Amino acid sequence: MAQEDLFKKLVSHCKEYGYVFQSSEVYDGLSAVYDYGQYGVELKNNIKKYWWDSMVLLYENVVGLDSAIFMHPTIWKASGHVDAFNDPLVDNKDSKKRYRADVLIEDQRAKFEGKIEKEITKAKKRFGEAFNEDQFKETNPRVLANQGKIDELTARFAKAMNDNDLEGLKQIILDYEISCPVSGTKNWTDVRQFNLMFSTEMGSTAEGASKIYLRPETAQGIFVNYLNVQKTGRMKLPFGIAQIGKAFRNEIVARQFIFRMREFEQMEMQYFVRPGEEMKWFKHWKQFRMKWHQSLGFGSENYRFHDHDKLAHYANAATDIEFKYPFGFKEVEGIHSRTDYDLKQHQEYSGKKFQFFDPELNESYTPYVVETSIGVDRMFLQVISASYTEEEIKKENGKTDSRVVLSLPAFLAPVKLAVFPLIKKDGLPDIAREIINELKFDFYCQYDEKDSIGKRYRRHDAIGTPFCVTVDHQTATDRTVTIRHRDTMEQERVKIEDLKRIIGENVSYEKALRSL
RNA sequence: GCGGGAAUAGCUCAGAGGUAGAGCAUCAGCUUCCCAAGCUGAGGGUCGCGGGUUCGAAUCCCGUUUCCCGCUCCA
């Protein structure tokens, strides 16, 4: 199947079977926002539980946290998001290319600097040993002219950026005749501001209200609680804080279904380590996180690392775990060595000491941080796209038949068990109900008596239910039922009293967690 | 945001200026002793939304919203 077709089928399957709906659909939808339906929410919760348990249960030095979405606005100044997440953008109408206006202007300034350098190199050749660079820079008319342009440009640019003056930025682009590197033309749109952070007001009156942001990442909530957790939990380095929560980014381009949304959910763990040991832990978490993904059995060939060459200002090492989605290898998780940047920033802005006294070294230092950060929604899409399969089956009469199955790992499946009476009479429905009433305390069960038994099996294949139990006439005499396995379609006859154990063993998280 | 394509029933689509359709799905009933597509009946659409052209618009035109494909960033 063509990958593009597969993706389209996946999206409609998600809607048709109650996994994912577009937000506000009855009002024509809201762009890049999606809702999780009755099965979607179960799968999502199960994914979150698997991640949480693999961090908080398996590592005795990793603890959880649930910090608020609203945080003090200074946090986002300290983290660099207020400045870095605020891009003035401009489009060239001919090449259709989009640029950051500030980058275009800085490139222009670099061009002027390049011209000065050229003059200096030329002069050096001409004057030889006697060349006095400082004097040359102060007297040469061409150098002075370019330096004048640089100074004027720098001043105007700084003022426009400070005042948030978009028209001013556009005017700089026009005045300095900056052209598009691709089309070479100066046919620009207006400069527009794209603030990647959503903001709102906190406070009951408009005058007294202060602007606060919806967090663009959950990490900062961990950093600002570092001291609280470290002290109250008596944590010794190295230790980690794990958190699952919503984050918000006003993406310019948000697409590919739930892969890139404006409201999304992250599972992050910040691991605080002794400076100098960060690469050891970076490697550890890199391997562990990859193992976690591969434990789901979707095939190791569908994963790869993508190491970053260009690093963010706070990082000294970074890698992505990429999964092969129907639209190609894309990042599902990032592992970053964030140095002591964040804690140092908060130390500076808050005036509190974010230091740890290390009794072994007998000294205090600001811990380094290794971060693992995975998108829940991207993980959800990974699970769904890896599990969606269309099968051709040879029937006994020689005809072919097809079925759509979500081969979800059993412990992640929304519905664990469906119970059917083979026919809806002779007391069979009552027995089926009895079984559900006994097992509903442990598993999400569903009852179905509509249509032929085959249809009922297929309906549950489509939502990924791993087990279907059928009550037949033999059940009434010997208290046994058939249990049918989703992936093989094979059946076995078991005692009703053994169902809880059999299903329990198969849908437990334990086996997956033990494999890590 | 820009360019290109699309939007008709829950899903997949037909309908190309003259009464809104099919298959599947859903619901009710019948049938059925284990793998969808037997039988009967029912419900469900102001054709994404708004305007225009026309005696008449799902159909032609304009705008708008949403989705898909490219251009950048990220979880």
Side-chain angles (χ1 to χ4, degrees), chain A residues 4 7-9 11-18 21-33 84-85 87 89-100 103 182 189-190 192-194 196 216-219 246-249 251-261 264-268 308 312 320-321 327 330-336 371-379 381 393 395-396 399 401-404 420-426 428 450-462 468-475 481-484 486 489-491 493:
Chain A
E4 200 177 297
F7 186 50
K8 280 183 180 159
K9 282 188 175 175
V11 174
S12 24
H13 192 87
C14 280
K15 184 190 174 182
E16 193 171 356
Y17 290 94
F21 308 124
Q22 188 179 12
S23 163
S24 319
E25 200 186 2
V26 293
Y27 289 104
D28 283 338
L30 186 62
S31 181
V33 185
F85 263 48
D87 300 338
L89 298 182
V90 63
D91 291 326
N92 183 274
K93 290 180 187 167
D94 299 310
S95 65
K96 308 292 179 202
K97 292 284 175 191
R98 163 160 298 165
Y99 301 93
R100 276 175 56 176
V103 171
V182 174
T189 63
D190 285 342
R192 283 164 308 226
Q193 185 80 285
F194 288 95
L196 265 52
E217 62 173 22
T218 53
K246 288 276 179 90
F248 306 84
R249 289 183 197 173
E251 297 284 349
I252 309 159
V253 178
R255 238 181 293 183
Q256 265 148 347
F257 195 41
I258 55 172
F259 186 80
R260 185 179 283 99
M261 296 197 288
F264 61 102
E265 197 161 13
Q266 292 182 306
M267 303 189 281
E268 291 197 316
H308 290 212
D320 297 334
I321 293 175
F327 40 86
K330 295 279 181 187
E331 175 182 5
V332 59
E333 172 157 7
I335 296 134
H336 301 253
E371 162 190 279
T372 72
S373 175
I374 169 171
V376 177
D377 312 279
R378 289 183 177 187
M379 191 60 210
L381 189 57
I393 305 163
K395 293 214 289 196
E396 283 172 17
K399 287 186 180 170
D401 187 13
S402 68
R403 69 166 189 151
V404 174
F420 312 137
L422 186 56
I423 55 173
K424 57 183 168 197
K425 57 183 182 187
D426 304 337
L428 269 40
K450 174 79 183 161
D451 296 312
S452 72
I453 193 77
K455 258 188 184 172
R456 284 177 267 170
Y457 287 144
R458 297 303 168 84
R459 268 204 287 270
H460 278 277
D461 288 340
C468 293
V469 160
T470 300
V471 174
D472 54 23
H473 288 90
Q474 190 182 330
T475 309
V481 290
T482 59
I483 183 165
R484 178 258 195 190
R486 177 195 62 201
M489 298 196 289
E490 276 165 14
Q491 288 173 271
R493 186 162 277 278

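Heavy atoms only: backbone and side chains are in, while hydrogens, waters and symmetry mates are out. These numbers were taken from a predicted model, which means no experiment stands behind them.
B:U12 sits 38 Å from B:C55 when the P atoms are compared, rounded to a whole Å. With both ends at atom P, the span from B:C60 to B:G15 equals 12 Å, rounded to whole Å. Rounded to whole Å, the C1' atom of B:G56 lies 12 Å from the corresponding atom of B:U19.
In this structure, A:Glu16 does not pair ionically with A:Lys9, as no charged nitrogen and carboxylate oxygen lie closer than 4.0 Å.
With B:A75, B:C34, B:C27 as the candidates, the nucleotide lying closest to the side chain of A:Arg378 is B:A75.
Pairing partner, B:A28: B:U40, with both Watson-Crick or wobble hydrogen-bond distances short of 3.5 Å.
Using a 4.0 Å heavy-atom criterion, one finds that A:Ile374 contacts no nucleic acid atom at all. In this structure, A:Arg456 reaches neither bases nor backbone, as no heavy-atom distance under 4.0 Å exists between it and the strands shown. A:Phe259 comes within contact range of at least one nucleobase, with a heavy-atom separation under 4.0 Å. Among the heavy atoms of the strands lying under 4.0 Å from A:Ser373 are primed sugar atoms or P, OP1, OP2 only; no base atom is included. Contacts of A:Val332 with the nucleic acid, taken as non-hydrogen atoms under 4.0 Å apart, involve only primed sugar atoms and P, OP1 or OP2. Residue A:Gln22 is in sugar-phosphate contact alone, with no base atom involved, counting any heavy-atom pair closer than 4.0 Å across all strands shown.
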Exercise. Check the pair A:His460 / A:Tyr17 against ring-ring contact (aromatic ring centres under 6.0 Å, His included), numbers first and verdict last.
Key: CA-CA 10 Å; A:His460 278 277; A:Tyr17 290 94; over 10 Å; no
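Although no hydrogens or angles enter the test, the distance criterion places a donor-acceptor pair under 3.5 Å between the side chain of A:Arg456 and the main chain of A:Pro421.
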